[in-house]
Amino acid sequence: MALACPAGTKGPIMNLFSDIRALVIDSLAAMQAEGALPAGLDMTNVAVEPPRDAAHGDMATNAAMVLAKPAGQNPRAIAEALAAKLAADPRIVTAEVAGPGFLNLRLTPAAWQGVVAAALAAGRDFGRSAMGRGVKVNVEFVSANPTGPMHVGHTRGAVFGDALAALLDFAGHEVTREYYINDAGAQVDVLARSAYERYREANGLSPEIREGLYPGDYLIPVGEALKAKYGTSLLDRHEGDWLAEVREFATAEMMAMIRADLALLGVKMDVFSSERAITASGRVEEAIATLRGMDLIYEGMLEAPKGKLPDDWEEREQTLFRSTAHGDDVDRPVKKSDGSWTYFAPDIAYHWDKVKRGYDQLIDILGADHGGYVKRLKAVVSALSAGRVPLEVKLIQMVKLYKNGEPFKMSKRAGTFVTLRDVVEQAGADVTRFVMLTRKNDAALDFDFDKVLEQSKDNPVFYVQYAHARVCSVIRKAAEAGIAADDTTLARADFARLSHEAELALARKIAEWPRLVEIAARGQEPHRIAFYLYELASELHGLWNRGNEETGLRFVQDGNIPASQAKIALARATAVVISAGLGILGVTPAEEMR
RNA sequence: GGCCCCGUAGCUCAGGGGAUAGAGCGACCGCCUCCUAAGCGGUAGGUCACAGGUUCGAAUCCUGUCGGGGCCGCCA
């Protein structure tokens with residue numbers, strides 16, 4: 001008696017691990033109904049996972065150990081009873097109790113062959129999850145100041161944010177990618193003054209790049225563009241006459257440059273929000289007034305920070321946000337001594353704006369140097385959403401550059417400013433993205449120019465792309481041998497022929513993909529995708545090489561079309577998962593390596 | 001002084017309550033008349049910084065210590 005529809009399976013996009021977990025939970029519920037287990041047990045910690053050691057089986061559950069104490073029973077006794085129930089399922093071959101109460105399961109080859117079929121049927125959608133269905137998430141990232149080109153640090157944030165957004169999308173969330181343009185602070189006035197000097201230069205005058213101005217060459221074309229637009233009409237005028245116009249012009253030029261940089265990396269934003277637009281519309285005052293209405297804004301004194309005191313510290317009364325009411329360590333000023341807003345004030349308005357746009361979750365991706373800023377941002381969102389919207393801040397740790405094995409200091413002044421464009425033009429977007437995503441966001445990243453530029457086997461991206469290219473090569477060979485190997489044909493292959501242990505091992509790895517997507521999305525950890533792809537590629541390379549010795553394991557079987565198609569289907573399913581995974585990382589799957 | 005991140009093999013790093021802790025690089029030994037050797041198999045290499053605590057069970061959670069990095073009103 002076959003199960004009409006095994007629990008947890010939704011159409012072709014299956015997750016065998018959650019299916020078997022559902023079976024375990026059902027079996028435990030049956031035991032409760034029979035009185036073998038007490039009612040009302042908390043099952044949330046019951047897990048079904050691949051065991052660390054493959055010798056233990058295909059899957060393992062900790063159910064008996066988790067439930068032993070609340071049920072007041074011996075874990076091994078629970079495991080024995082559960083094993084008897086599970087063994088009745090047609091997908092389960094053996095269920096053995098081991099160690100302190102683990103239950104090790106072995107599944108039928110048909111179960112694993114079914115995964116290959118499901119992967120081919122779903123294509124690149126295999127592994128898509130409904131986990132985030134109905135959840136609107138805003139991912140704000142990059143948000144580099146519009147005062148110059150993006151550098152390597154921005155690059156890591158851009159790549160991480162883009163991949164995280166893609167991952168959440170794959171896990172079913174409704175995702176918005178957003179860039180916050182800091183086009184209202186003092187830094188854009190500095191930009192305007194710097195551009196003005198380049199404008200003077202374009203008009204044949206010698207520029208005065210004073211201390212504190214931006215000296216970069218990238219402003220020279222901006223100066224020329226200003227000359228083209230304004231001729232000599234802005235020369236010898238007071239700053240007040242040209243500042244606003246030049247600021248707007250230069251900011252727009254910088255944003256065009258940043259958009260071009262992002263395009264180079266393959267990053268596309270859905271929304272650009274302007275700090276100036278928010279400020280000009282009076283929303284800062286509105287936000288502060290709202291907080292004041294909640295008694296979260298007050299006039300008061302801050303204690304001097306302990307330890308190293310700023311030279312010009314003086315205690316004085318100022319306008320403060322009571323962020324301590326929402327988890328911060330101290331209250332935070334929203335006004336400077338001259339009465340103008342601090343940087344924080346427009347950020348309050350901006351985050352309120354995001355809350356009002358109806359997101360269920362906000363994610364900010366910031367550089368690690370903004371670590372001291374996290375608690376106050378969370379406090380703002382907590383206060384202005386009445387605790388409804390969680391804000392997650394992902395801090396991106398430093399990128400440490402190495403060249404010739406030596407640490408490489410970046411300095412605008414010394415002209416050793418390494419831009420995103422430098423990196424991408426030399427290493428390529430694929431390598432840059434993969435390397436930067438093969439590390440979790442909260443660990444510092446060593447970026448070794450030699451290794452990245454070398455494009456050698458040290459680069460895991462090539463290893464993964466090579467696996468994909470090998471599959472493409474097999475399919476080309478099959479076509480030459482007159483074997484139909486299009487996806488439609490492969491989807492109807494005789495999967496029961498995939499009976500060799502080495503082939504089933506690859507199918508098991510493919511089966512982990514939907515589970516891994518959910519784990520990575522839940523933890524907001526795109527690096528897990530990169531590591532998984534590496535492991536999956538390794539399985540494929542291993543199987544490939546076994547084909548050298550055991551010709552029966554080669555994908556193309558001379559004179560045996562059904563066998564070839566089954567084996568090619570396995571290879572193709574692997575490639576489909578690699579392609580989907582690389583798609584999340586924003587890396588191109590290679591058709592061939594040249 | 002306070003806050004955040006990190007400390008796992010010689011090096012670079014995964015794993016973040018579960019069984020005998022993993023991978024790459026480097027070292028050593030093997031594998032191309034055979035679908036791309038940019039690949040594969042194997043050997044060697046560990047006090048999971050340290051000390052307490054919680055737990056049936058801790059590299060993983062909690063507290064503290066040490067070491068490295070980042071940050072701490074009037075920059076953004």
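Labels below follow one simple rule: chain letters A, B, ... track the order of the sequence lines, proteins then strands, and each chain is numbered from 1. Quick note: numbers below take in every heavy atom, side chains included, and nothing from hydrogens, waters or symmetry partners.
- Atom-to-atom, CZ of A:Arg332 to P of B:G2 comes out at 16 Å; the value is rounded to the nearest Å.
- Partner assigned to B:A23 is B:U12, using Watson-Crick or G-U wobble distances below 3.5 angstrom.
- Across B:U33 and B:G24, the matching P atoms stand 25 Å from one another, rounded to whole Å.
- The nucleotide whose nearest atom lies closest to any side-chain atom of A:Asp442 is, among B:C3, B:C6, B:C35, B:C6.
- Of the P atoms belonging to B:G15 and B:A19, the separation is 16 Å, rounded to the nearest Å.
- Spacing between B:A14 and B:G57 at atom P, rounded to whole Å, works out to 30 Å.
- As rounded to whole Å, 9 Å separates atom C1' of B:G17 from atom CG of A:Asn45.
- When the P atom of B:G17 is taken as reference, atom NZ of A:Lys69 falls 19 Å away, rounded to whole Å.
- For A:Pro333, taking side-chain heavy atoms from C-beta onward, the closest of the listed nucleotides B:A19, B:G73, B:A14 is B:G73.
- Of the candidates B:U36, B:A76, B:C3, B:U36 carries the atom nearest the A:Ala469 side chain, counting heavy atoms from C-beta on.
- Under a cutoff of 6.0 Å and an axis angle of 45°, A:Lys336 and A:Trp341 do not form a cation-pi pair.
- Counting distance only, with no hydrogens placed and no angle test, the side-chain atoms of A:Asn545 and the base atoms of B:G39 include a donor-acceptor pair under 3.5 Å.
- Comparing A:Pro100 and A:Ser337 by the nucleotide of RNA chain B that holds the closest heavy atom to each, the one mapping nearer the 5' end is A:Pro100.
- Checking the phosphate oxygens (OP1, OP2) of B:C5, no side-chain nitrogen or oxygen of A:Arg439 falls inside 4.0 Å.
- With a cut-off of 3.5 Å on both pairing distances, B:C35 has no Watson-Crick or G-U wobble partner at all.
- The side chain of A:Ser473 places no N or O atom within less than 4.0 Å of a non-bridging phosphate oxygen (OP1 or OP2) of B:C35.
- Here, B:U43 and B:A59 have their C1' atoms 26 Å apart, quoted to the whole Å.
- Atom CD of A:Glu549 has 12 or fewer neighbouring heavy atoms from other residues, nucleotides or ligands inside a 6.0 Å radius.
- Rounded to the nearest Å, the gap between the P atom of B:U20 and that of B:A58 is 11 Å.
- Using a 4.0 Å cut-off between charged nitrogen and carboxylate oxygen, A:Asp486 and A:Arg572 do not count as a salt-bridge pair.
- Of all nucleotides present, none satisfies the Watson-Crick or G-U wobble test against B:G57 with each distance under 3.5 Å.
- Taking atom C1' in both B:A23 and B:G41, the straight-line distance is 16 Å, to the nearest Å.
- Residue-to-nucleotide contacts include no donor-acceptor pair under 3.5 Å from the side chain of A:Asp53 to the base of B:A21.
- The aromatic ring of A:His56 sits over the base of B:A19, with ring centres less than 5.5 Å apart and planes tilted by under 30°.
- As rounded to whole Å, 13 Å separates atom P of B:G41 from atom CG of A:Leu553.
- Separation of the C1' atoms belonging to B:G68 and B:A49 is 11 Å when rounded to the nearest angstrom.
- Nearest nucleotide to the side chain of A:Phe531, out of B:C13, B:G18, B:G39: B:C13.
- Distances shorter than 4.0 Å separate some side-chain N or O of A:Lys336 from OP1 or OP2 on B:A76.
- Atom pair A:Leu506:CG and B:G39:P shows a separation of 18 Å (rounding to whole Å applied).
- Residue side chain A:Arg476 does not reach the base of B:C35 through any donor-acceptor N/O pair under 3.5 Å, judged by distance alone.
- Which of B:A38, B:C35, B:G73 sits closest to the side chain of A:Phe462 comes down to B:A38.
- The interatomic distance linking A:Tyr373 (OH) with B:A76 (C1') rounds to 8 Å, in whole Å.
- Base orientation of B:C32: syn (glycosidic angle within 90° of 0).
- A:Arg283 forms no cation-pi arrangement with A:Trp352, by the criterion of a distance under 6.0 Å to the ring centre and an angle within 45° of the ring axis.
- Checked against B:U36, B:C40, B:G70, the side chain of A:His541 finds its nearest nucleotide in B:C40.
- Here A:Ala60 lies in heavy-atom contact (under 4.0 Å) with a base.
- In this structure, the nucleotide among B:A76, B:A21, B:C5 sitting nearest to the side chain of A:Gln397 is B:C5.
- Base pairing of B:A51 is made with B:U63, judged by Watson-Crick or G-U wobble geometry with both donor-acceptor distances under 3.5 Å.
- The partner of B:C3, taking Watson-Crick or G-U wobble pairs whose two distances both stay under 3.5 Å, is B:G70.
- Taking the C1' atom of each, B:C29 and B:G45 are spaced 16 Å apart, rounded to whole Å.
- Which of B:C3, B:U36, B:C71 sits closest to the side chain of A:Lys375 comes down to B:C3.
- Here A:Gln465 lies out of heavy-atom contact (under 4.0 Å) with every strand.
- Side-chain N/O atoms of A:Tyr463 include one lying less than 4.0 angstrom from OP1 or OP2 on B:C40.
- For the 3.5 Å distance criterion, the side chains of A:Gln187 and A:Thr147 fail to qualify, holding no donor opposite an acceptor.
- We find that A:Glu140 and A:Lys354 are joined by a salt bridge, their nearest charged nitrogen and carboxylate oxygen being less than 4.0 Å apart.
- B:A19 has its base stacked against the ring of A:Phe102, the centroids being under 5.5 angstrom apart at an interplanar angle below 30°.
- Residue A:Glu535 qualifies as enclosed at atom CD: its count of foreign heavy atoms under 6.0 Å is above 12.
- Within the 4.0 angstrom heavy-atom criterion, base atoms lie near A:Asn104.
- For the pair A:Lys440 NZ and B:G15 C1', the computed distance is 8 Å after rounding to whole Å.
- A:His370 comes within contact range of at least one nucleobase, with a heavy-atom separation under 4.0 Å.
- Close to B:A37, at under 4.0 Å from its OP1 or OP2, lies a side-chain N or O of A:Trp544.
- Two rings, from A:Phe160 and A:His527, have their centers 6.0 Å or more apart.
- One atom, CZ of A:Arg470, and another, P of B:A38, lie 8 Å apart when rounded to the nearest Å.
- Along RNA chain B, the nucleotide closest to A:Gly99 and the one closest to A:Glu535 are compared, and the more 5′ of them pairs with A:Glu535.
- Contact check, A:Arg376 against B:C3: no side-chain N or O comes under 4.0 Å of OP1 or OP2.
- For A:Tyr179 and A:Phe141, the ring centers sit 6.0 Å or farther from each other.
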